[in-house]
Amino acid sequence: MKLSARNLIPGTVKEVTIGMVNAEVVIEIAPGVEMVSVITKNSVERMGIKVGDKVEAMVKATSVMIAKD
């Protein structure tokens with residue numbers, strides 16, 4: 001697979017919560033560091049995503065904001 005996105009973050013699926021339409025997928029990208037993705041239930045089923053799978057989170061955003069106290 002070839003992608004134009006450069007922000008691919010490898011991780012391991014830690015939790016999958018499936019709802020009626022969408023699913024929440026928690027990915028551990030480093031010890032104690034998680035990213036959460038909400039994708040369609042159909043995508044989870046079609047891709048066979050399950051706890052323990054090695055995946056890559058693809059981040060594509062038009063802006064990144066920074067906050068500081």
Query raised in the report: Hey, what else clusters with V26 if you join Ile, Leu, Val, Met, Phe, Trp, Tyr whenever side-chain heavy atoms sit under 4.5 Å?
Result: V36
Query raised in the report: So if you build clusters from Ile, Leu, Val, Met, Phe, Trp, Tyr with side-chain heavy-atom gaps below 4.5 Å, do V44 and M58 land together?
Result: no
Query - V38: hydrophobic cluster co-members (side-chain, 4.5 Å) - result: none
Query raised in the report: In the single-linkage hydrophobic clustering (I, L, V, M, F, W, Y; side-chain heavy atoms under 4.5 Å), do I27 and V16 co-cluster?
Result: yes
Query raised in the report: Which pairs pass side-chain hydrogen bond (donor to acceptor under 3.5 Å, both in side chains) with one or both residues in residues 19-34, sequence neighbours excluded?
Result: K14-E34
I'd like a table of donor-acceptor pairs (distance under 3.5 Å, sequence neighbours excluded) in which one partner is a side-chain atom from residues 49-57, with atom names and distances.
unit_1, atom_1, unit_2, atom_2, d
K50, NZ, D53, OD1, 3.1
D53, OD2, K50, N, 2.9
K54, NZ, T12, OG1, 3.0

Report summary line: Taken in chain and number order and not counting sequence neighbours, the residues that satisfy side chain to side chain donor-acceptor pair (under 3.5 Å) with S43 are T40, R46
Report summary line: Residues at least two apart in sequence or cross-chain that pass side chain to side chain contact (heavy atoms under 4.5 Å, CB included) with V33, listed by chain then number, are I29, A30
Query raised in the report: Cluster question for you: counting only ILVMFWY and a side-chain heavy-atom cut-off of under 4.5 Å, with indirect links fine, are I9 and M47 together?
Result: yes
